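Note that the structure is a prediction, hence the values are computed from the model and not measured. Here is the naming used below: chain letters follow the sequence lines, and residue numbers restart at 1 for every chain.
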Number of protein chains: 2
Amino acid sequence: MKELTTGQLAKQSHVNVETLRYYEREGLLPEPSRSESGRRSFSPDMVARIRFIKRAQELGFTLKEIKELLSLRADPSVTCADVMEQIQEKIQEIDQKVNHLLAIKKALEHLSTCADLNPASECPILENLSFERSEACCKES
Amino acid sequence: MKELTTGQLAKQSHVNVETLRYYEREGLLPEPSRSESGRRSFSPDMVARIRFIKRAQELGFTLKEIKELLSLRADPSVTCADVMEQIQEKIQEIDQKVNHLLAIKKALEHLSTCADLNPASECPILENLSFERSEACCKES
DNA sequence: TTACATCCTGTACTACGGTACGGAATCAAG
DNA sequence: CTTGATTCCGTACCGTAGTACAGGATGTAA
């Protein structure tokens with residue numbers, strides 16, 4: 001396999017050239033070797049590394065966390081259990097986010113119900129948003 | 001009710017003084033009247049307005065969207081149905097976010113399972129993250 | 001009156017994940 | 001050899017939701 005230029009790596013990994021430079025700055029990519037004229041020369045392995053980064057992003061990891069994952073991988077004293085732990089944490093975070101969103105949804109649905117019950121009157125939705133919680137919203141049932 | 005100074009309004013609405021100035025700049029608060037020396041003088045209604053903003057933020061609206069909601073409220077030609085529509089949109093957005101998070105969770109759980117199945121071997125989790133999708137991950141069942 | 005608190009303005013800075021741009025150098029194709 | 005594409009670097013900018021700060025002007029309490 002040949003080494004890749006910045007542009008080639010960018011194309012193959014479906015990211016912007018500037019993004020590669022940004023990842024390098026942020027320590028997500030190792031400093032590549034350079035040609036005599038100073039141009040970057042990337043190992044083809046970097047395609048997989050960027051796929052890793054993008055996939056992990058999709059999975060809800062921040063670049064900072066991904067950097068940690070990548071350094072875990074580089075450290076031979078790290079066990080599979082260490083990685084498992086990070087993933088379990090991430091799953092819990094996701095559960096929390098989902099629960100928060102569902103609570104918000106419930107509140108919004110409640111506001112909708114209020115509106116249904118007040119067809120011809122002034123819209124109570126916006127006023128209800130002013131309340132601390134929306135319990136005191138509707139004319140009872 | 002007396003008019004409030006910036007500091008009083010900030011205290012009563014539990015936000016930072018700078019946040020009030022920021023909201024004013026962003027058009028979320030109307031330009032308050034001023035004292036002779038140039039100090040802001042807020043109507044006590046602004047406490048409710050900021051509560052509205054904060055509550056709507058909790059419900060997942062951005063400041064931009066909140067600004068729209070506030071202007072809806074100010075416009076007498078806007079019907080309750082218009083507001084309902086915004087809320088329905090928001091509910092759909094939330095559903096999408098939840099579904100995305102649950103898909104992520106599933107993928108992470110799958111990675112955990114893989115790790116369970118490979119107790120003594122090299123940790124396959126990180127390598128699996130490199131895959132486009134994680135179907136090809138585990139030793140079958 | 002003196003001291004301290006609050007307020008004013010404008011600007012800069014934070015985090016996040018990049019994107020855009022200018023000007024110079026270099027590379028590859030015709 | 002010339003032209004156009006690519007790459008280089010540093011820096012500035014985007015949106016989001018604020019926070020921080022400098023330096024000056026007021027307001028208030030002892």
Round to a whole Å and report the spacing from CD1 of Ile53(B) to P of dT16(D).
16 Å
Rounded distance in Å - NZ (Lys67(A)) to P (dG18(C)):
15 Å
Does the pair Arg55(B)/Glu58(B) count as a salt bridge with the N-to-O cut at 4.0 Å?
yes
In terms of side-chain geometry, is the basic nitrogen of Glu93(A) or Lys90(A) positioned less than 4.0 Å from the acidic oxygen of its partner?
yes
Glu36(B) CD - dG27(D) C1' separation (whole Å)
14 Å
Does the side chain of Gln8(A) get closer than 4.0 angstrom to OP1 or OP2 of dT7(D) through an N or O atom?
no
What nucleic acid atoms does Lys54(A) come within less than 4.0 Å of, heavy atoms only: base, sugar-phosphate, or nothing?
sugar-phosphate
Considering heavy-atom distances to DNA chain D, does Val17(B) or Ser41(A) have its closest nucleotide positioned more toward the 5' end?
Ser41(A)
So does Thr19(B) get a side-chain nitrogen or oxygen closer than 4.0 Å to the phosphate oxygens (OP1/OP2) of dT19(D)?
yes
Quick one: is dC8(D) close enough that its OP1 or OP2 comes under 4.0 Å of any side-chain N or O from Ser37(A)?
no
Rounded to the nearest angstrom, tell me the gap between atom CZ in Phe61(B) and atom P in dT16(D).
16 Å
Closest-nucleotide ordering on DNA chain C, the 5'-leading residue of Leu63(A) and Arg34(B):
Arg34(B)
How close or far is atom P of dG17(C) from atom CD1 of Ile50(A), stated in whole angstroms?
16 Å
Hey, any chance Val17(A) and Tyr23(A) share a hydrophobic cluster, counting ILVMFWY side chains that come within less than 4.5 Å of each other, even indirectly?
no
Rounded to whole Å, the CZ-C1' distance (Arg25(B) to dG10(C)) equals 9 Å
Contact check, side chains of Arg39(B) and Thr5(B), non-hydrogen atoms, under 4.5 Å
no
Length of the CD-C1' vector between Glu18(B) and dA22(D), whole Å
12 Å
Would you indicate, yes or no, if dT19(C) has its OP1 or OP2 atom less than 4.0 angstrom from a side-chain nitrogen or oxygen of Tyr22(A)?
no
Taking OP1 and OP2 of dT6(C), is either one under 4.0 Å from a side-chain nitrogen or oxygen of Thr6(B)?
no
Any side-chain N or O of Arg21(A) below 4.0 angstrom from OP1/OP2 of dT11(D)?
no
Does Arg40(A) contact dT7(D) through a side-chain donor or acceptor facing the base, at a distance under 3.5 Å?
no
Check the distance between dT16(D)'s P and Leu28(B)'s CG and give it to me in whole angstrom.
12 Å
Pairwise side-chain contact, Ile50(A) with Thr19(A), heavy-atom cut-off 4.5 Å (strictly under)
no
Which is true for Gln57(B) with a 4.0 Å heavy-atom rule: it touches a base, it touches only sugar-phosphate, or it touches nothing?
sugar-phosphate
Result for 5'-nearest mapping on DNA chain C, choosing between Arg39(A) and Asn16(A), is Asn16(A)
